[in-house]
Amino acid sequence: MNPMHKNIIFTAIAAVAFMIFSGGAVHAAYAPNFSGMPDFTFPQDSGTHARFIDLSSYASDAPYNGRQFAFAIISQSNNRTADCYLESNYFVSCSMQAGQYGTSTLTIRATSPTGMHSESSFNVTSMQATPQPGQIRLTVDTDSVTMQRGQAVNVQASVANNSKGNECFTASANMGSQAMKELTAILPPSGFCLAAGQSTKFSLTIGAKKDALAGRYGMELALDYGSGTLRQPIMATVSDSALPLKVTRASPYLVCNEPYGQDIRIMLENNSGAIQAIRLTAYNDTLLPEVEFPNPTLYPGQAIEMNVKLHVNESTQPGEYTLSFLAESQGRKSESAVAVRLDKCREAFTLEVAPRTRQINAGSEATYTIYLKSDSDKDTYVMLSSDANITTRLSANYLLLTARSTQRITLTASPPSDAKSATHTLNVSAWNADATAQATAQAIVYAQRDIEMIVANNSFGARACSAQKGQVFEVMVKNNSTRSQTLAFSLSGVPRSVEARLSDTALQINAGSEKKLYVFINPGIDAATGNYTIRLNAAGISYATQELNFKVVEAGAQAGVAREGMLQVTGYPREISLLPGEKKLLIFTVKNTSNARIENVKVSLYGTGSDAYFFPLAIGSLAPLETREIKREIEAAPGITDKVYSATLEVKADGHIATKPITVRIGSEAQAVQERAGTGENGNGMLGTAFGILSSGGPAMLGVILIIVLVALIILVSLLNSNKSSSVLP
């Protein structure tokens with residue numbers, strides 16, 4: 001083969017390798033999650049309803065969020081009634097066609113950044129305004145009512161029988177699925193009859209539930225009688241008692257007067273039941289505030305945080321200043337005031353809060369530790385304060401901070417028992433005549449009353465290094481609320497020596513329903529015997545937590561001492577490199593070197609805790625001298641960085657055991673190892689990287705790679721034949 005052909009072959013192989021290696025980040029070919037969109041009902045001839053649903057809220061495909069998806073309306077079953085279209089990529093708007101009523105089913109396609117897609121449907125209904133027959137008439141004193149949460153209003157209905165005979169009637173209130181979640185309707189308990197020429201009146205009481213979402217909901221009053229049904233549409237609006245547009249401070253009360261152009265954070269809330277296109281301005285003659293987003297658009301119940309730039313310098317006088325905010329929308333104005341204190345900020349002491357974030361159940365409390373550290377050679381008195389939208393208190397508001405010392409103060413946060421799920425910023429300030437310091441923390445508050453978790457077996461013995469069928473918690477999760485919830489589950493307080501896995505990381509549970517969840521426990525080699533407690537957390541619209549208790553017992557307490565040497569593990573990887581969230585397929589062989597059958601063979605990986613997942617595998621029995629190839633996925637948890645583990649691969653059977661050490665790297669170190677492998681710095685790099693791609697790409701990626709390799713082989717054979725032909729020419 002001449003040098004030119006060698007170079008061509010080398011280039012072809014390098015191109016194939018590059019395509020293989022560059023595909024290592026391809027995600028597995030799984031369809032994204034896209035579901036849960038509610039149905040909507042609007043009155044007939046009600047015109048256009050703009051941006052009433054945000055599609056990005058219903059699509060997910062880790063690590064991508066809904067805003068990274070592309071959406072398209074695939075079909076509309078009845079666009080002559082409701083003509084719907086997309087706005088600004090994520091929102092659906094519909095126009096109710098004049099004189100038309102009925103239901104149109106919209107099918108939406110959501111395409112993730114990986115190119116995979118899912119489809120989901122929901123209904124848009126135009127509620128019929130039924131014309132009144134001449135002989136029987138139904139009228140109401142109003143077809144539109146407004147109420148606040150927890151309130152009710154009466155609608156007076158009149159019925160007239162202008163026919164020549166008696167008629168008996170039954171009244172009912174019909175609501176769509178969304179309106180039923182937020183409203184109640186009460187009518188007289190029984191029907192009534194009217195003789196010819198008679199008329200009567202009755203009341204329909206419409207109420208908003210205490211936790212109703214602000215918004216507009218369509219319903220109808222239906223009157224059934226012998227020869228037909230009369231329908232009267234009614235629009236019910238649930239409003240919020242708070243300001244429709246409200247501005248609050250979301251950063252510390254104290255602001256330094258240096259350098260020029262200090263920023264504070266504010267939160268703008270839309271507490272109304274309608275979409276608001278807002279014009280926001282701020283005023284203060286001294287500080288000349290400028291808002292970051294002067295023209296935001298907010299949907300009902302939505303809030304946005306933004307910066308406000310203050311023009312300050314050393315000459316600006318210390319003291320308290322009030323910033324005035326004017327929010328204008330739809331011809332209405334809402335005014336809010338935010339107070340800040342301007343002071344000198346010298347580095348005489350520093351302030352820190354730990355932890356930065358805590359989860360707190362409504363009606364309970366949690367504590368944070370404040371570290372006040374002196375950077376001065378003198379003793380000084382310091383004042384402290386805390387500020388938040390929930391109740392907070394400090395263990396000390398005034399103390400002596402001695403030179404070069406650190407003082408610890410406790411901050412307690414106490415959300416009320418009826419608090420809704422929300423994230424609150426806790427602002428802590430410390431100051432004296434010479435200096436000011438600020439620090440912040442977050443309190444993630446969850447409403448707990450709606451979710452209940454019942455553990456069927458909240459105590460069992462878990463044998464170290466040998467996961468058994470009984471080493472699992474069976475948890476019944478009940479949704480006691482009045483609305484469907486998608487709950488995300490997590491485990492906390494899990495020791496590194498114990499592997500704890502969830503059967504599901506998320507469950508959708510309908511209102512009043514329940515589902516089962518399982519937590520698998522597998523103590524590692526280094527797990528000390530004794531009692532353990534971990535926490536199972538469920539977070540959605542509501543939050544709940546449950547303690548799980550188990551006891552680690554010695555392996556010999558339940559089984560005889562295992563012998564080594566009869567089981568052998570070969571061909572296993574000495575080192576595994578994973579990026580956060582990445583999957584790889586481990587391939588190794590297990591051999592029975594004895595002349596007897598070995599029963600109940602199981603494979604496990606210990607030493608990575610919950611940072612790398614490797615589900616134990618039962619492979620049954622091994623015949624005498626049998627060798628079996630094992631393939632099993634290992635997956636790194638998302639968000640894990642710069643971790644290196646000394647893990648143990650264990651193959652165990654009745655009376656036999658074999659273990660092998662494996663180094664597991666996750667995060668930037670894994671990235672560096674893979675980059676070295678790709679450039680040839682590591683002797684096994686090319687094979688290891690290609691192996692990782694085969695394992696993480698799934699069947700679709702494997703097919704692409706096989707096609708590429710086949711093309712490379714065809715090129716290679718062609719060049720070899722060309723070389724052979726040239727050697728016999730004169």
Side-chain angles (χ1 to χ4, degrees), residues 30 32-36 57-66 355 357-362 364 366 420-423 442-460 462 467 471-481 483-496 498-523 532-550 580-581 583 608-616 633-640:
Y30 300 124
N33 181 27
F34 182 46
S35 61
S57 300
Y58 302 90
S60 63
D61 182 18
Y64 306 108
N65 60 51
T357 302
R358 273 200 184 281
Q359 295 177 343
I360 314 175
N361 294 334
S364 62
K420 294 185 177 180
S421 298
T423 299
Q442 283 191 329
I444 304 176
V445 178
Y446 292 99
Q448 191 178 9
R449 62 184 181 276
D450 291 340
I451 298 300
E452 184 180 4
M453 293 191 290
I454 302 172
V455 185
N457 54 334
N458 203 355
S459 180
F460 57 75
Q471 295 180 186
V472 57
F473 292 101
E474 180 181 300
V475 184
M476 181 65 73
V477 185
K478 294 184 176 182
N479 179 8
N480 298 324
S481 68
R483 63 185 69 183
S484 176
Q485 295 198 49
T486 298
L487 298 175
F489 296 95
S490 62
L491 296 170
S492 58
V494 181
R496 296 188 62 84
V498 175
E499 182 182 8
R501 291 298 309 275
L502 292 163
S503 61
D504 299 274
T505 57
L507 289 174
Q508 183 174 355
I509 307 179
N510 294 330
S513 298
E514 58 188 29
K515 286 187 178 180
K516 283 187 178 180
L517 179 79
Y518 299 92
V519 182
F520 304 97
I521 300 297
N522 192 3
Y532 289 77
T533 297
I534 63 177
R535 282 188 173 274
L536 172 63
N537 308 302
I541 300 174
S542 307
Y543 172 80
T545 184
Q546 173 67 47
E547 289 188 350
L548 305 178
N549 305 303
F550 62 95
K583 294 180 180 179
T608 62
S610 60
D611 294 345
Y613 307 144
F614 181 96
F615 279 112
E633 274 192 347
I634 182 172
E635 177 182 0
I640 303 299

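Nothing here was measured: the structure is a model prediction, and the numbers come from that model. For the single chain, residues carry numbers from 1 onward in sequence order.
A donor-acceptor pair under 3.5 Å is formed between the side chain of Asn458 and the backbone N or O of Asn549. Judged by distance alone, the side chain of Asn479 and the main-chain N or O of Ser484 form no donor-acceptor pair under 3.5 Å. Listed for the Lys516 side chain is no donor-acceptor partner under 3.5 Å among the backbone atoms of Glu474.
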(message) Using side chain to side chain contact (heavy atoms under 4.5 Å, CB included), reason through Gln359 and Thr545 one step at a time and then give a plain yes or no.
(response) CA-CA 10 Å; Gln359 295 177 343; Thr545 184; over 6 Å; no

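Rounding to the nearest 0.5 Å places OG1 of Thr357 at 4.5 Å from CD of Gln442. Between the NZ atom of Lys583 and the CD1 atom of Ile634 there is a distance of 12.5 Å, given to the nearest 0.5 Å. To the nearest 0.5 Å, the span separating CG on Leu517 from CD1 on Ile509 amounts to 8.5 Å. Residue Asp504 holds its CG atom at 8.0 Å from CZ of Phe489, rounded to the nearest 0.5 Å.
Heavy atoms only, all atoms of each residue included: Ile534 and Gly493 are closest at CG2-O, 3.5 Å. Considering every non-hydrogen atom in both Gln546 and Val455, the closest pair reads CG-CG2, 3.6 Å. Heavy atoms only, all atoms of each residue included: Arg358 and Ala366 are closest at CD-CB, 3.8 Å.
The aromatic rings of Phe615 and Phe520 lie perpendicular to each other, with more than 60° between the two planes, well past the 30° mark.
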